[in-house]
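Worksheet: one structure, shown below.
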Amino acid sequence: MRIRSLGVIDDAVVELSPGFTAVTGETGAGKTMVVTSLGLLLGGRADAALVRIGAEKAVVEGRITVSPGDSVVVRAEEAGAELDDGALLISRTVSAEGRSRAHLGGRSVPVGVLAELADELVAVHGQTDQQGLLKLNRQRQALDRYAGDAVAVPLTKYTEAYRRLRAVSVELDEIVTRARERAQEADMLRYGLDEIAGVEPRAGEDVELAEEAERLGHAEALSSAATAAHAALAGNPEDPEGIDAATLVAGAQRALEAVRSYDPALAALADRIGEIGILLGDVAGELAGYADDLDADPLRLSAVEERRAALTALTRKYGEDVAAVITWAEQSAARLTELDGDDERIDELTAERDALRAELGGLAQALTDARTEAAERFAAAVTAELASLAMPHARVSFAIRQTEDPDGVEVGGRAVAYGPAGVDEVELLLAPHPGAPPRPIAKGASGGELSRVMLAVEVVFAGTDPVPTYLFDEVDAGVGGKAAVEIGRRLARLAKTAQVVVVTHLPQVAAFADRQLLVEKTNDGSVTRSGVKVLEGEDRVRELSRMLAGQEDSETARAHAEELLATARADA
């Protein structure tokens, strides 16, 4: 990794070799920035406070060796990344304003993509992870992870059934709880549908009736106008001497007919006047028919206005016009059918809920059985690891229990509380010495013991669900003496199958490392490129002496440091 402007680090390169790498240095020198940097590369939360004071941005770049075809490479390629000679290049930039950018294999990607890759690349453990292990749900997750498919397969089925049960229960509760509201809604819809059915509106009827009412209301005026227009076109029988349009047009046509043979243009005009005469006759005939057919019946007008009033009463309540009223009726009828089917739906949902609860009970029992079997193996494996971590008499076990709940699911003849992960409460117990009762690790383990339990758990995981790299940030806190030596020895063994990076203050742990990195500040309080260096030979002895006694040149400390290194080499 290359780290620039992050915390106390100005510009430094950290080369992590295969095997076991120990990162050491004075308190406050910036060792934890190695952990922070790796966290950023793996999608950790960005914080503007991480940017070195006076810098515009912090940048972390990493080169991770991967195997072609594995799931990490597949996911990276899906995101558009490209490998660089068998390695995956990752970079993360955090601005002083808190903005963050991520790049993977030369492509800009969402930070979430880096987080997706994290679980398969590196297992990071520090003091906060130990605190996390104290939580019961984390302990259950650890057991489930160890159990593998024996738990994962029934848990997947259980989760699906649980989600469906939640959905069914919510719908059922809504129907039952809102029964009164739904009954009121149904009554309102029935009233409206009955009112509309009583009127029987027809689409477009309101427009037709408005036109008819307008015509009937002005029947006399319309009749007089049609009669007058007819007389103007075709003449008035009561006034045989009057001049009408038809007579005038006919006279014009006769005048032209006598001379039309002399000029084709005049003949065409004569034809057009003839057409006008025909059109005048047609219009005059229709006017006469209109006047004769016009109904001035006041009873009909009264009936039309009464019908319009009935339609208006509907449009005030159910729509802006008759078409909208009819649409409301169609939709309300469908809704009423749905509401009237509530009782049937309640029966269906109740039956489905009962069936799902029975299915959950069976799956929960399968989960309990699988967890119980895995817990025995897991506890035995962790106990064996503790023996090699200077806790030879400690015993780890799991308590798997359920809480009775009358509203729960039936498991083993009892109604017990259930949740999205089953019915089991899983708790990791520790008996630190013979005769001591098993107690929850939160109460039964000291800080040093908790660190070793955590390490033992991770070592057991390494055999069942390995990741390429393990990073431990001072998980050896609170440990010293022989226990510290055993932790160093165990980390060295874990490093035979994985890359192990440990940030530590303990010389007993650092002595077992294949490579030791020293992080040290310059006089101005920053860590520069030369501030992270590989310790070899005399330099490593001096650093271990400082870690042992705080004095690099103490002969006693030097002898002890050389003895630690010799012990580690003999154990390799």
Side-chain angles (χ1 to χ4, degrees), residues 39 42-45 71 112 115-163 166 360 363-383 385-386 396-403 411 416-430 438-445 450-473 475 494 498:
L42 298 176
R45 187 176 67 86
S71 57
E116 289 179 30
L117 305 180
D119 290 341
E120 298 185 55
L121 287 173
V122 180
V124 181
H125 293 289
Q127 295 295 313
T128 56
D129 297 281
Q130 292 184 18
Q131 296 303 315
L133 189 62
L134 301 180
K135 299 178 181 179
L136 296 187
N137 66 324
R138 289 286 298 275
Q139 294 175 20
R140 177 191 52 74
Q141 292 169 3
L143 178 58
D144 289 354
R145 174 185 165 195
Y146 177 81
D149 288 344
V151 165
V153 172
L155 183 57
T156 298
K157 296 179 180 177
Y158 177 94
T159 302
E160 293 174 356
Y162 177 82
R163 289 174 179 167
R166 289 290 299 273
L360 276 186
L363 291 170
Q365 183 65 66
L367 281 173
T368 300
D369 294 342
R371 284 170 176 155
T372 301
E373 188 277 332
E376 295 179 358
R377 293 186 290 108
F378 192 17
V382 174
T383 297
E385 287 298 328
L386 289 177
V396 168
S397 61
F398 279 93
I400 300 177
R401 52 183 175 267
Q402 300 81 35
T403 300
V411 178
V416 297
Y418 64 100
V423 298
D424 301 318
E425 297 176 13
V426 176
E427 188 166 30
L428 185 61
L429 307 178
L430 173 68
R439 301 180 64 193
I441 58 172
K443 301 177 181 178
L450 183 58
S451 296
R452 282 177 279 176
V453 171
M454 183 67 190
L455 177 58
V457 167
E458 198 56 63
V459 169
V460 171
F461 278 150
T464 58
D465 185 23
V467 293
T469 300
Y470 293 89
L471 175 60
F472 294 93
D473 181 17
V475 295
L494 178 60

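All heavy atoms count here, side chains included; hydrogens, waters and symmetry mates do not.
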Legend entry - Donor-acceptor contact present, side-chain T403 to main-chain A417, <3.5 Å: no

Legend entry - Interatomic distance, R377 atom CZ to T372 atom OG1 [nearest 0.5 angstrom]: 11.5 Å

Inset, instruction - Please round to the nearest 0.5 Å and tell me the distance separating atom CG of L429 and atom CD of Q139. - result: 8.0 Å

Inset, instruction - Report the residues that fulfil salt bridge (charged side-chain N to carboxylate O under 4.0 Å, His left out) with E160, sequence neighbours left out, ordered by chain and then residue number. - result: none

Inset, instruction - Tell me, please, which residues at least two apart from R401 pass salt bridge (charged side-chain N to carboxylate O under 4.0 Å, His left out). - result: E425, E427

Compare every heavy atom of [Y] with every heavy atom of [X], then report the nearest pair and how far apart it is.
X	Y	answer
P154	D149	CD-O, 3.8 Å
P468	L121	CD-O, 3.3 Å
P438	S397	CB-OG, 4.1 Å
Y146	A381	OH-CB, 4.5 Å
I400	L143	CD1-CD2, 4.2 Å
I441	L430	CG2-CB, 3.9 Å

Non-hydrogen side-chain atoms of [X] and [Y] separated by less than 4.5 Å:
X	Y	result
L428	V453	yes
L42	L117	no
R371	F398	no
T368	V423	yes
V426	Q141	no
Q402	D424	yes

Inset, instruction - Please state whether the rings of Y162 and Y418 are parallel, tilted or perpendicular, taking 30° and 60° as the class boundaries. - result: perpendicular

Inset, instruction - Decide if atom CZ of R163 counts as having more than 12 heavy atoms of other residues, nucleotides or ligands within a radius under 6.0 Å. - result: no

